[in-house]
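Note that the structure is predicted; figures quoted are calculated from it, not measured. Below, read A as the first sequence line, B as the second, and so on, with proteins coming before strands; counting in each chain starts at 1.
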Amino acid sequence: MSPDDSEDKVSRARFLREREARLEAERLLELKSRELYAACQRLEAETRKLDAAVAARTAALSAALERAEAVTRAKARFLANMSHEIRTPLNGVLGMAQSLLTEELTPGQHEKLEIIVDSGQSLTAILNDVLDLSKIEEGKLEIAPVPGDLLGLLERTRKLFGAAAAEKGLELTVAHDPGIPARLVFDPVRVRQCVDNLVANAVKFTLSGSVDIHLAAGGSAATGYLVRISVADTGIGMDEEAQARLFQPFTQADSETTRRFGGTGLGLAISRQLARMMGGDITQTSREGEGSTFTLAFRAGDIAGLRPSDDAQARPQAPGRRRILRGARVLLVDDNAINRQVIKLFLKPQGLSIVEAGNGIEALEALERQTFDIVLLDVHMPVMDGCETVRRIRNGGAAYARVPVIALTADAMVGDRERYIGLGMDDYLSKPIDQRELLSRIARLLPEAPPLAAAN
Amino acid sequence: MKGVVFVELLAMADKAVGEDAVDRVVARCPLSTGGAYTAVGTYPASELHQLVQGFSKATGAPEAALQRQFGHWMLTRFSEDYPAFFQAQPDAFTMLESVEGEVHTEVRKLYPDADLPRFETERLPGDALRMTYISPRRLADFCHGLIEASLDHYGETAHIERTDRSSGALGIVDFVIRRAAV
C-alpha cells in the first residue's frame with residue numbers, strides 16, 4: 001500500500017506503529033499508576049508515623065500535666081497538714097499566754113505577754129491566708145451569698161482599722177453613692193476579707209494623709225448589682241513594674257517593702273481570687289509617691305429574690321439575752337492534754353465546771369454517767385474521732401441526744417464549718433482557740449435560765 | 001471487566017482467524033465501544049460474551065472451547081508481562097493459591113474499583129488442590145484454560161475434575177486438580 005491509495009487508508013507500518021504506541025502508553029500508564037500507588041502508600045505511612053508522633057507527644061504532655069497537678073495537690077495537702085501541725089502547738093502558746101494575762105503581773109510582764117499574744121495572732125492570720133490560698137487552688141473554696149448590710153460591713157471595717165489609722169495620724173473615711181439598697185445578697189465573710197485586706201494595706205503603706213473607702217453599685221433589682229468598693233490612699237504608690245507583680249502570691253512590690261512593712265504578700269492574691277469567684281475582680285491604679293486606689297468589684301443579688309426564711313436566718317441574734325455561764329457543766333473532749341489545759345484555763349475563772357475525756361468512747365461514757373450543758377469536742381482523736389462521736393450522740397436515742405456540741409479543730413479550712421454543722425455539731429471553733437470567742441460561743445448555746453436553777 | 005481481557009481476546013483472534021475476520025465479527029456485534037478497547041480501561045462483561053459468541057459463529061468452534069483456548073493465551077501473556085510473579089512461585093498449586101491473595105491484591109492497588117471473581121483454594125489429600133471459582137460472569141471455561149496453562153507453564157501434568165455448583169445468578173464451579181504421580 002502506498003500513502004496515496006486513499007485518504008481513508010493508513011499504511012500497515014503506520015497502523016502497527018500506532019498500535020505499538022498505544023500498548024506502550026498502556027504500559028506507561030500502568031507503571032505510573034503503580035508508582036502513584038507506592039507514593040500514596042509512603043504518604044499514608046508518613047501520616048501514620050506523624051499521627052503516632054502526635055499521639056505520643058499528647059500522651060507525654062498529659063502525663064506531664066497529671067504530674068504537675070499531682071504536685072499541686074501534694075503541695076496543698078502539705079500546706080493543710082503543716083497548718084494543722086502548727087496550729088496545735090500555737091493553740092498551746094496562745095492559750096497559755098492569754099490565760100497568763102488574767103493573772104497578777106508586773107506592767108513589763110504584761111507588755112511582753114501582749115506581744116506574745118499579738119505575734120501569735122499574726123501567725124494565725126498568716127496560717128489562715130496560706131490555707132485559704134491552698135483551698136482556692138484546690139478549687140474547694142465556695143462562695144456563700146446571704147443577705148447582708150454592706151454599709152454596716154464597711155462601718156465595721158472602719159472601726160477595726162480606726163485605731164491603727166489614728167495612731168499614724170491618718171484620716172479613715174467611708175462614703176457611698178446615693179440609692180444603694182440597704183440589704184443585698186452577697187458573701188459577707190469573703191467581701192469583708194477583701195475589704196479588710198485592701199484597707200489594711202492602705203493603712204500600712206500610707207505614712208500621711210487619708211484612706212477613703214467609697215461604695216458604689218450599678219444595676220437593678222431585676223438584673224442584680226455590680227458593687228464597687230474602692231479604697232483610695234495617699235500612700236507610697238507603686239511604679240508599673242511593681243503593680244504588675246502585685247497580685248502574685250508571696251510577692252510584694254519589692255523586698256524593701258517586706259523589710260519596712262512586713263506581710264506575706266498573700267492577701268491581694270487571695271482577695272483577687274475571691275473577687276473573681278464572686279463575679280468581679282480587684283483592679284488598681286497607682287502612681288509612685290502619689291498613692292493608690294484599689295477597687296473591689298463583685299456581683300450581689302437583690303434581697304427580693306429570697307424566701308423570707310433565708311433572711312431571718314442571716315439576721316444576727318437579738319442582743320440582750322444574756323446567758324449565764326457560771327455553773328454550766330462542760331464535757332471537754334480532746335486527746336491532747338495541753339489543749340485541754342488551755343481550755344480549762346479559759347473556762348475555770350468563769351465558774352464553769354469541767355469534766356475531761358481523751359476520746360469519743362470516754363466522752364460517751366461520761367455522758368452516760370452525768371448530765372452536761374455543753375460538749376466541746378475535738379475532731380481528730382484516736383480510738384473514736386469527733387465526727388463518729390457526734391453521730392453516736394445524736395443517733396443513739398439517749399437522753400443526751402440533743403446536748404449542744406461545739407467542734408474544736410485545727411483544720412480551719414473554709415467549708416469545714418458547713419461540714420461539721422452537717423454532721424450534727426451546733427457550732428465550730430478553729431484552733432488556736434480565742435478565749436472570748438469560746439466563751440461567747442458557749443454562752444450562745446446554753447439555755448437562757450441559769451442551768452443550776454433549772455436543774456433545781 | 002478489565003480492558004486487558006478484551007485487548008488480548010482480539011489479539012488472539014487476530015492471530016487465529018486473521019484481521020479481516022475479526023473486523024467482520026466486531027462490526028456485527030453491537031458493542032458500546034465499537035470494539036476499541038484499552039488495557040487500562042474497564043468495559044461491560046457482556047461484550048466479552050458477545051465477542052466470544054461472534055467468533056464461535058465465525059469459526060464453528062464451540063464457545064466453551066474458545067474460552068478455554070483464550071485461558072491458555074491469557075496465561076502465556078501474563079507470564080510474559082509479569083515474569084517475576086511466576087518465578088516467585090515454585091509450582092502450579094502455589095501459583096494458583098496465590099491468585100486470590102496476591103494477584104488480585106495487586107490488581108486492586110492499580111484499579112481499586114475492579115470487579116474481580118473470587119477464588120477459594122484447598123489442598124486435598126493425594127497431591128490435589130480444589131480451586132473454586134465464584135463469579136456472576138460465568139467464565140468457568142476461561143478459568144479452566146488458565147488452570148491448564150498454569151500446569152503447562154510449570155511443566156506439570158494433572159487431571160482436572162470440574163463440578164458446577166452454580167446457584168441462581170452466581171456461578172460457583174469447583175476444579176479438583178489432581179497431579180499425576182511422576
Side-chain angles (χ1 to χ4, degrees), chain A residues 1-70, chain B residues 1-24 26-27 31 33-43 48 51 73-74 76-86 88 101-116:
Chain A
M1 271 182 252
S2 62
D4 53 5
D5 262 4
S6 160
E7 289 198 349
D8 276 354
K9 295 203 171 158
V10 290
S11 74
R12 179 90 199 145
R14 181 173 294 266
F15 161 70
L16 289 175
R17 266 205 319 277
E18 285 299 325
R19 191 169 68 175
E20 202 44 52
R22 193 199 85 211
L23 293 176
E24 177 64 11
E26 289 171 358
R27 271 192 297 276
L28 278 175
L29 187 56
E30 213 168 282
L31 185 71
K32 294 289 170 198
S33 295
R34 201 164 285 129
E35 283 172 3
L36 193 59
Y37 177 81
C40 272
Q41 291 295 98
R42 278 197 301 278
L43 267 178
E44 271 176 30
E46 204 58 40
T47 306
R48 276 195 297 275
K49 250 200 294 193
L50 277 174
D51 283 350
V54 168
R57 201 67 59 83
T58 307
L61 280 175
S62 57
L65 183 65
E66 219 161 273
R67 278 197 300 277
E69 282 170 349
Chain B
M1 177 73 54
K2 291 311 304 168
V4 68
V5 178
F6 293 87
V7 170
E8 290 304 330
L9 180 67
L10 293 179
M12 181 183 84
D14 275 350
K15 193 139 188 195
V17 297
E19 290 178 9
D20 291 342
V22 171
D23 285 351
R24 280 196 298 276
V26 168
L31 304 169
T33 55
Y37 300 103
T38 165
V40 293
T42 302
Y43 307 97
L48 190 76
L51 286 168
W73 171 275
M74 208 56 207
T76 308
R77 294 312 315 271
F78 286 149
S79 67
E80 285 166 7
D81 289 350
Y82 309 100
F85 169 71
F86 286 86
E102 293 177 35
V103 179
H104 284 177
T105 302
E106 287 300 311
V107 173
R108 284 198 179 88
K109 285 180 187 175
L110 293 182
Y111 308 103
D113 54 347
D115 189 8
L116 301 168

Give a yes or no on this: more than 12 heavy atoms of other residues, nucleotides or ligands lie within 6.0 Å of atom CZ of Arg14(A). no
Taking CD in Glu66(A) as the centre, count heavy atoms belonging to other residues, nucleotides or ligands within less than 6.0 Å. Is the count above 12? no
Distance, nearest 0.5 Å, that separates CZ of Arg19(A) from CG of Asp14(B): 6.0 Å
For Arg34(A), which atoms come within 4.5 Å of any heavy atom of chain B: side chain, backbone, both, or neither? both
Given that the side chain runs from C-beta out, which part of Val7(B) has a heavy atom under 4.5 Å from chain A: side chain, backbone, both or neither? side chain
Of the non-hydrogen atoms in Tyr82(B) and Glu30(A), which two are nearest, and what is the gap between them? OH-OE2, 2.7 Å
